[in-house]
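Worksheet for the structure shown next.
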Amino acid sequence: MSGPAAGTAVAATTTDVVCLGESMVTFLPSQPGRLADVPSFGRGIGGAESNVACALAAAGHRAAWVGRVGADGFGDHLVETIASYGVDTSAVRRDPGRPTGIYFRTATDRGTDTHEVAYYRAGSAASAMSPANMPYEELFAGRILHLSGITAALSDDCLALLRELTAARPGRPLVSFDVNHRPHLWRGGDADASVLLELARRADLVFVGEDEAEEAWGIVGAEAIRAAVPEPSVLVVKRGSAGATVFASGLRPGPRSSNAGGAEDTGTDTVTHVPALRVDVVAAVGAGDAFAAGFLSATLRGLPVRDRARHGHLMAAAVLTVPGDLTEPPARDHADRLVALDDDAWGTLRLGPGWTAADRASEEVRTP
């Protein structure tokens, strides 16, 4: 199947978000230490886009994940596990000639020098995704199509696919793009920087971390990032413990505020600064994907920009307080109550393990 014609229209759909990307089977260590010393591993799944789909489905949205896996047991495990979260996996393609990707990692935090990851994804089924073999009707079936820069790094064919999907055409769904800069995946040179910037500028909603923008593009600061990526109607700059800054064009400014939670009108953009929450971190894995899911969930509900970012922070906090990439998100009414707090109360929240259980909220959500 070739790419869609320029005038391809999207039919009416009941799907909220379609997520495209590689998901892999991940082997998690039974104890801390070097990969050479770990005696055994437990099996899980990992994939930025499938993480977003699972979180959205768990939050009550109609989410689909589209990818390509091998015709093997690992592919079976991936599809079955992702589907168990309520995600539609009917458009996943099986490749009889290529394997499902797998990887092993240590228990240490990704940001430390002792963290190790061993990938076995070269020549994987996902790396063979291309404009010729992916189901465009299903990819364009949602209100939002969520992509990431990881896919672009897998192969030239995968990059060609992302260029097709981000091309301007009538009826294109809102395209969400998480930069997700992974230097080790790229095939040398500075292609990663230019490609990721190109794709970000073709999207409607972009997520990028301040740190990865500096690493990939040499750009420092949220305003400078917006100057380099002016086209998307919404740009979310993730600033770690400092929170997130959201640039949104065509939106009216929210109520003026004397603190970092208010919105300001800059003429072409409304700029909203939303502080992060204080979280008792168990494992710093999967938080970026969870933030994107929370922001997209609130976007689908038509909530104000500040509330979208707050829902992103809450979804990220749910993942940060568990060992793995995925967890049950807070109940919607519970999250809505927290999002509605005034700026002072939001600033004093501290979230620990177990906080997402609504009946334990008074114990786990505490102020100093």
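Checked by atom type and distance alone, the side chain of R172 pairs as donor or acceptor with a backbone atom of T166 at under 3.5 Å. Listed for the T89 side chain is no donor-acceptor partner under 3.5 Å among the backbone atoms of A83. Side-chain atoms of E116 come within 3.5 Å of backbone N or O of L35 as a donor-acceptor pair. The closest donor-acceptor contact from the side chain of S249 to the backbone of T268 lies at 3.5 Å or more, if one exists at all. In this structure a side-chain-to-backbone donor-acceptor pair under 3.5 Å is missing from D289 to V52. Proximity of a side-chain donor or acceptor of W346 to a complementary backbone N or O of V274 within less than 3.5 Å is not detected. The backbone N or O of G46 sits less than 3.5 Å from a side-chain atom of S23, completing a donor-acceptor pair. T26 places no side-chain N or O within 3.5 Å of a backbone atom of G44 that could act as its donor or acceptor partner. No side-chain donor-acceptor contact under 3.5 Å links E138 to the backbone of A91. Checked by atom type and distance alone, the side chain of R239 never pairs as donor or acceptor with a backbone atom of E210 at under 3.5 Å.
Under a hydrophobic-cluster definition in which Ile, Leu, Val, Met, Phe, Trp and Tyr are linked whenever side-chain heavy atoms come within less than 4.5 Å, directly or via other members, L351 and M315 are assigned to different clusters. Taken together through direct or relayed side-chain contacts under 4.5 Å among Ile, Leu, Val, Met, Phe, Trp and Tyr, I225 and V195 form part of one hydrophobic cluster. At a threshold of 4.5 Å between side-chain heavy atoms, the hydrophobic network of Ile, Leu, Val, Met, Phe, Trp and Tyr places V92 and Y85 in one connected group. The hydrophobic cluster containing L296 does not contain L303, counting ILVMFWY residues as joined when their side-chain heavy atoms lie under 4.5 angstrom apart, directly or transitively. Cluster membership for V175 and M129, using ILVMFWY side-chain heavy atoms within less than 4.5 angstrom, is shared.
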- Message: Checking R301 against D307 for the salt bridge (charged side-chain N to carboxylate O under 4.0 Å, His left out) test, could you report, in this order, the C-alpha distance in whole Å, the side-chain angles of both residues, the deciding distance, and whether it holds?
- Response: CA-CA 10 Å; R301 296 170 61 197; D307 294 2; over 6 Å; no

- Task: Any chance you could lay out the side-chain contact (heavy atoms from CB on, under 4.5 Å) test for L199 and L159, step after step, and finish with the verdict?
- Result: CA-CA 10 Å; L199 294 172; L159 173 55; 4.3 Å; yes

- Check against side-chain contact (heavy atoms from CB on, under 4.5 Å), R332 and H311: CA-CA 10 Å; R332 180 173 291 183; H311 274 285; 5.7 Å; no

- Message: If you apply the rule side-chain contact (heavy atoms from CB on, under 4.5 Å), what do you find for L196 with H181, and how did you get there?
- Response: CA-CA 8 Å; L196 293 174; H181 183 224; 3.5 Å; yes

- Message: Evaluate L185 against R121 for side-chain contact (heavy atoms from CB on, under 4.5 Å), listing each step before the verdict.
- Response: CA-CA 10 Å; L185 289 179; R121 74 198 309 176; 3.1 Å; yes

- Message: Run R310 and D343 through salt bridge (charged side-chain N to carboxylate O under 4.0 Å, His left out) and show every step you take.
- Response: CA-CA 11 Å; R310 283 190 173 188; D343 294 330; 3.1 Å; yes

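Two residues are said to be in side-chain contact when any heavy atoms from C-beta on lie closer than 4.5 Å; Y136 and P131 meet this criterion. A heavy-atom distance below 4.5 Å is found between the side chains of V229 and R201. For the pair L165/F177, no side-chain contact is recorded, criterion being any heavy-atom separation below 4.5 Å from C-beta on. Residues M134 and L20 have side chains in contact (heavy-atom distance under 4.5 Å, counting atoms from C-beta outward). Residues L145 and F140 meet the side-chain proximity criterion, which asks for heavy atoms closer than 4.5 Å. With a 4.5 Å cut-off on side-chain heavy atoms, T151 and E49 count as touching. Taking the side chain as every heavy atom from C-beta outward, Q31 and P39 approach each other to under 4.5 Å. Side chains of V234 and V305 form no contact here, defined as non-hydrogen atoms less than 4.5 Å apart.
Within the structure, the salt bridge (Lys or Arg N to Asp or Glu O under 4.0 Å) test picks out the following pairs touching residues 213-227 (sequence neighbours left out): R226-D269. Contacts classified as ring pair (Phe, Tyr, Trp, His ring centres under 6.0 Å) and involving residues 193-236 (residues at least two apart or in different chains) are given here: F207-F295. For residues 66-90, the pairs satisfying salt bridge (Lys or Arg N to Asp or Glu O under 4.0 Å) are R68-D95, D76-R94, with sequence neighbours left out.
To the nearest 0.5 angstrom, D156 atom CG is 12.5 Å from L161 atom CG. Taking CG of L154 as the start and OG of S127 as the end, the distance is 6.5 Å to the nearest 0.5 Å. Here the CG-NE2 distance, from D16 to H146, works out to 14.5 Å after rounding to the nearest 0.5 Å. Between N51 atom CG and S148 atom OG the span is 10.5 Å, to the nearest 0.5 Å. Between H77 atom NE2 and I45 atom CD1 the span is 6.5 Å, to the nearest 0.5 Å. Between the CG atom in D336 and the CG atom in L314 there is a gap of 9.5 Å [rounded to 0.5 Å].
For A53 against A64, the heavy-atom pair with the smallest separation is CB-O, 4.2 Å. The two atoms that bring A71 and P96 nearest to each other are CB-CA, 4.0 Å, heavy atoms only. Here the shortest heavy-atom pairing between G142 and P173 reads O-CB, 3.3 Å. Residue G70 comes nearest to T100 through the heavy atom pair N-OG1, 2.9 Å, listed as atom of the first residue, atom of the second, then distance. Here the closest heavy-atom approach between residue T106 and residue G33 is recorded as CG2-O, 3.4 Å. Taking both residues in full, the closest heavy atoms of A228 and L197 are given as O-CD1, 3.8 Å, listed atom of the first, atom of the second, then distance.
Considering F104, F41, Y119 in turn, F104 is the only one that fulfils the ring-ring contact (aromatic ring centres under 6.0 Å, His included) rule with F27.
Judged purely by distance below 3.5 Å, without hydrogens or angles, the side chains of S30 and S40 pair a donor atom with an acceptor atom.
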